[in-house]
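Counting convention: from 1, in listed order, for ligands and their atoms alike. Predicted model, so just to flag it, every value in this text is computed and none were measured.
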Amino acid sequence: MPIDASLSALAPAKVNLSLRITGRRNDGYHLLDSLVAFTDFGDQIEVSEAEGLTLIVQGPFADAVPHDKSNLVLKAAQSLAQAAGIEAHAQITLTKTLPAAGGIGGGSADAAAVLRLLIQHWSLSLAMEDLNKLALLLGADVPVCLNNRPCRMTGIGEDLSPLPPLPPVGIVLINPGHPCETPAVFQARTGPFSDKASAFEPGRSAQSLAQALQADPNDLTEAAMQICPSIRQVLKHLASSPGILLARMSGSGATCFGLYDTAAQAQNAATDLAHPGWWVAAGSLAK
Ligand code: C5P
């Protein structure tokens, strides 16, 4: 490995296009049925050669995440090294552009990107099954982020099946600036569990995708609104934005998304939706 070799990867935002809660396991984890896709923007991860294992965190949301060994990217690196029976040595640079505790998998996407990069950097060949087990131990959203492709996620996040290709679609993400802790949202959820979703056919246009998602909501929305009432305001603004096809919350919130025909429309909407204290970003969903 040359001394100056460094590798980098995007850790995109994970978007739960739909999220049904279908049950609860004895250990308290909830069973999900969720359609998941990824944006073409997000955090950036770089790994390079180093004596030990070090982490540099930079970017607009650097202060929102731990810089020590409790950061999920370092936990991911350590557990990968342990599984491979090697000493962990790398410098990891995390450029944090996504809000933390926001329902868009920030920490999970970062951990998954670090796993992908370190496998390459350390020239490892792990069985996919072992890697997925390791990912699940890091967090329920890490396997889906490791997969990094549109998929249907069931179980607590470990059962993944690919979706048909998504049509081109623009997306706006808005976070109202209040962290919404996942365990608290799951705990606040009440009412019966949902049935599993029926087969998903995204069609060939952003409109057909939005139409296909209409019947399949996010079951955590009400619970998240109790903890973070500003979600209601975000959804209201998104829903009245010109060209909006679908406005919904992602994951356990508080980030919400709007779907638009094109990335250009999404960019225009993002400019209009700017609001003090809100984080607003736009781009496309990756196919
Ligand atoms: O696995 P992760 O650390 O992301 O989960 C955070 C918390 O969210 C869990 O401790 C649990 O309270 C809740 N959760 C859940 N069911 C899931 C995923 C997360 O109840 N499928």
Open item on the list: Looking only at the side chains, is there a donor atom on one of Thr22 and Asp33 sitting less than 3.5 Å from an acceptor on the other?
Closed with: no
Task: Minimum heavy-atom distance between Asp141 and Ser108, given as atom pair plus value - done: CB-OG, 3.4 Å
Open item on the list: So Leu136 and Ile156, do their side chains get closer than 4.5 Å, heavy atoms only?
Closed with: yes
Task: Donor-acceptor pair, side chain of Ser250 and main chain of Thr255, under 3.5 angstrom - done: no
Task: Electrostatic pair Arg20:Asp219 at N-O distance under 4.0 angstrom - done: no
- [ ] For ligand 1, list the protein residues that place a heavy atom within a distance below 4.0 Å of one of its atoms, sorted by chain and number.
- [x] Gly28, Tyr29, His30, Leu32, Gly139, Ala140, Ile156, Thr182, Pro183, Phe186
Open item on the list: Using the rule side-chain contact (heavy atoms from CB on, under 4.5 Å), only one of Val169, Leu246, Ile171, Val172 pairs with Tyr260; which is it?
Closed with: Val172
